[in-house]
Amino acid sequence: MSTDTKLMAPAAWSPRGWPSERPFTTDSPEAWVYTPRYSYLPGETVDLHISTTASEFELEVIRDGAQPEVVHRAHGLSGMRQETPADAYAVGCGWEPTHRWSIPGDARAGFYLIIVRNHTPTGEVWEREHFIIVKHAATHRAPIALILTTGTLNAYNDWGGANQYRGIGDDPRNEIGSPLSSTQRPIARGMLRKPPGVPQEFHSHTPPIGAAPQYPAYEWARLNGYSRHHADAFWATYERDFVIWAERQGYELDYLTQIDLHEDQTALDAYDCAVVVGHDEYWSWQMRDVIDAFVERGGGFARFAGNYQWQVRLSDDGTTQYCYRLPALDPASDTTPHLTTTVWEARSVGRPGAATVGLNGLGGTLTRYGVAAPRSSGGFTVYRPDHWAFAGTDLYYGDLLGGAPAFLATFEVDGVEYSFRRGLPFPTFEDGAPETLEILAICPAVKGEEDRFNGTLPLGSSDSGIQELFEALGDELPDYVRENQSRGSGMIATFTRGAGEVFNGGSTQWPHALSTGDPFVSQVVRNVLDRFTGRTTKAI
C-alpha cells in the first residue's frame, strides 16, 4: 500500500473485543428488567418484564432527584429465565410480565428508577435498572414540564448488541447500526445510574503539541463494565443534574417524554414553560409540531441542550424508533418524503431544525471532544451582554460564559449560518433561522475530527466519516452545509414566535455546568425559567 494512502480512522467507541450487554453472558446469576412503556399516571399498574437466572432477587423503586426516595422494596422474589431474540435491539425481548408494581395514587411526578438486585455466590451484588416517569396528578400540575430525551436514549441504547450507530458487524472502520430500535428491552448500563464523577464526553485538560486523541468516557466504561454509550444519552449524564439543581432552587417540575409529545398533541397545553436539557439529537415530526404550537400560543420553550439533528419515526404503538439516516434506505422516502428519517436540513424533509429551535446540529457539532477543537476555551464568548438572559450576571462584551471548570461549551453544540457586522453576530437566515433570532454568545466548533494520524489512531467522530455521510446524502444537502468545509459554531440564541419565546442554550453540557455551581450559568438558567414562568428573578 502506498504510504500516502489515507486510511479511515477506526471508531474510538468500537475497539474489537468489547461486546455490548446481552442477557446471561456469564455464569453468575443475573437479572434484567424493562417496562412496556416509559410514562405512567398515579394509580396505574406497571407490568415488569423480568428475566433472571438468580434463585431469588430484590426489587426496589426509587424516585430519583436531589433527595432520592425509596418508594417500594420487595425481597425474596423468584423469577425465570426468558429467551431473548438475537436482534432484541430491533424487535424487543418479547418477555412475559412476571411481576407488577402499583403506583400509589398520591405518587409525586418524577423519574423513578426500577432496580433489580441479587447477590452472587462470590459475594458480589448484581444490579441493573430500568425507569418510568410518573406524570402529574390530575389535581396538581407544575408550571414547568421537563421533556425527557427518549429519542436520543432509543438511538444510543445498545443493550442486546446494537443501536442506531453500531453493532451490526465487528469492523471499527465500518460502523453499521440498526435502523430499528425497540423500547421493549432493558437499557444499557450507565444511562440511568452510575457513580458520581464519571468522565463525560469532553476533556478538561489542554492537550500538548502532537497529543493523541483521548476519550476518557469510553476508557472508564470499558474498565468498569458500563456501556460505551453511557455518556451519550439520558438521565444519569444529563437530566439528573438539571433536576437536582432545579429542585434545590425551588422549581417544581412535571415530567413528560418525547414519546408523550409524539402521541398526544395536547401534552403541553396546560404549561407555561417546557424544558429540554442535555442531548436531544432525535425528534419526530409530531414532536416538533407540539413544540411549535406551544410556542405559537404563548409558551416559553427553554432548551438547555445540543445537537438537534435527526428526524425519526415511531411505530403506531410507540415501541419502535426508526432512523435510516439516508433517504435511499428509508422505505417511507417515496411515499412520505417529508417524514424521511434523515437530517432535518435535507431538501426532501423541508423543515430545517432552526425553524423550531433557532439553531441546528449541522451548524455546529463538536468542540473539545477528542481532537475536535481540542484546545478551545470551553465556554461561550458573550456578544450581547445587555440581553435579558444575562440580567444579574455582570457579564461584559467579550466575557467568557461557562469556561473552566464548568466547560459549558463542550462536546456537542448547535449553531446557524451567521456574519459579523460592527462587532456583533447576525444570522444570514439561509438555513431556516427565524427572522427574530438574536445570537447572544458563540464558541467555535467543527463537524468532525481532523485525522492527522493517517488512520492509525481511533477517533470519536472523524471528519472523513462526516464527509462520507454528506456525499451519500448528495443533493439532499443544501449549499450552506456543503460549503463550510466542516467549520461550525456553537451558540446561545433567543427568538420569538407568535405569542411565545424560545431560549436555546445550544450545548449538551448545561446540566454539567450547573452541577459545578458556576454562578453565571446558574443565573442565566434562573433568568430563563423565571421569565417563562412569571417568577421574579433574584440576582446572585
Side-chain angles (χ1 to χ4, degrees), residues 36-38 85 87-92 94 147 149-157 162-168 175-185 257-268 280-294 296 307-357 360-362 430-432 466 468-482:
R37 63 184 200 267
Y38 295 150
D87 58 349
Y89 54 83
V91 302
I147 304 166
T149 55
T150 46
T152 305
L153 168 68
N154 293 336
Y156 282 93
N157 180 20
N163 61 14
Q164 295 191 310
Y165 287 87
R166 47 152 298 280
I168 300 177
E175 298 271 69
I176 302 174
S178 168
L180 278 64
S181 175
S182 175
T183 66
Q184 304 301 289
R185 54 177 169 141
T257 71
Q258 286 178 293
I259 295 176
D260 292 315
L261 268 62
H262 180 91
E263 295 179 338
D264 180 5
Q265 298 292 288
T266 69
L268 295 177
D280 68 334
E281 189 173 356
Y282 295 82
W283 290 76
S284 72
W285 189 278
Q286 293 88 337
M287 297 170 195
R288 284 187 64 174
D289 282 348
V290 174
I291 297 296
D292 286 347
F294 172 71
E296 187 75 29
N307 197 213
Y308 198 94
Q309 190 157 322
W310 298 99
Q311 174 166 222
V312 297
R313 291 194 310 276
L314 300 183
S315 59
D316 290 343
D317 62 3
T319 64
T320 304
Q321 177 170 295
Y322 303 92
C323 189
Y324 290 87
R325 304 198 188 277
L326 297 178
L329 302 178
D330 191 335
S333 61
D334 291 334
T335 55
T336 52
H338 69 290
L339 297 180
T340 300
T341 56
T342 186
V343 292
W344 286 110
E345 283 62 44
R347 298 182 195 275
S348 59
V349 174
R351 196 178 187 182
T356 290
V357 298
N360 70 80
L362 291 183
E430 61 193 290
D431 50 10
I466 301 300
E468 279 195 358
L469 171 65
F470 287 179
E471 289 175 12
L473 286 168
D475 293 339
E476 284 283 348
L477 282 183
D479 293 341
Y480 63 80
V481 176
R482 294 177 172 281

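Everything quoted here is computed from the prediction, not taken from an experiment. Nothing fancy with the numbering, it's 1 onward along the sequence. Worth knowing before you read on, the calculation uses all heavy atoms, side chains too, and leaves out hydrogens, waters and symmetry mates.
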Tell me, do E345 and Y480 make a side-chain contact under 4.5 Å, heavy atoms counted?
-> yes
The side chain to side chain donor-acceptor pair (under 3.5 Å) partner of S284 among Q311, R313, H262 is H262
Atom OG1 in T150, atom CD in Q321: separation rounded to 0.5 Å?
-> 7.5 Å
Do you know which two heavy atoms are closest between P331 and T335, and how far apart they sit?
-> O-OG1, 4.5 Å
About how many Å separate OG of S182 and OH of Y89, when rounded to the nearest 0.5 Å?
-> 11.5 Å
Could you go through the side-chain contact (heavy atoms from CB on, under 4.5 Å) check for F470 and L362 one step at a time?
-> CA-CA 11 Å; F470 287 179; L362 291 183; 4.0 Å; yes
Could you tell me whether the side chain of Q258 and the main chain of W283 form a donor-acceptor pair under 3.5 Å?
-> no
For D280 and T149, run side-chain hydrogen bond (donor to acceptor under 3.5 Å, both in side chains): C-alpha distance rounded to whole Å, both residues' side-chain angles, the deciding distance at 0.1 Å, then the answer.
-> CA-CA 5 Å; D280 68 334; T149 55; over 6 Å; no
Any chance you could lay out the side-chain contact (heavy atoms from CB on, under 4.5 Å) test for D431 and V481, step after step, and finish with the verdict?
-> CA-CA 9 Å; D431 50 10; V481 176; over 6 Å; no
Distance, nearest 0.5 Å, that separates CG of D334 from OG of S348 = 10.5 Å
Is there a donor-acceptor contact under 3.5 Å from the side chain of S333 to the main chain of A328?
-> no
Exercise: identify the closest heavy-atom pair between V290 and L261 = CG2-O, 3.4 Å
Quick one: pull up CG in D260 and CZ in R37 and give me the separation to the nearest 0.5 Å.
-> 9.5 Å
In T340, L180, T342, the residue satisfying side chain to side chain contact (heavy atoms under 4.5 Å, CB included) with Y324 is L180
side-chain contact (heavy atoms from CB on, under 4.5 Å) between Q164 and R325: does it pass, once the steps are laid out?
-> CA-CA 9 Å; Q164 295 191 310; R325 304 198 188 277; 3.9 Å; yes
Interatomic spacing from CD1 in I168 to OG in S178 - rounded to 0.5 Å = 4.5 Å
Are any side-chain N or O atoms of N154 and backbone N or O atoms of G151, one a donor and one an acceptor, separated by less than 3.5 Å?
-> no
Go through the side-chain N and O atoms of T341 and D330 and say whether any donor and acceptor fall under 3.5 Å apart.
-> yes
Does a side-chain N-to-carboxylate-O contact under 4.0 Å join D479 and R347?
-> yes
With no hydrogens and no angle check, is any side-chain donor or acceptor of Q184 less than 3.5 Å from a backbone partner on P36?
-> yes
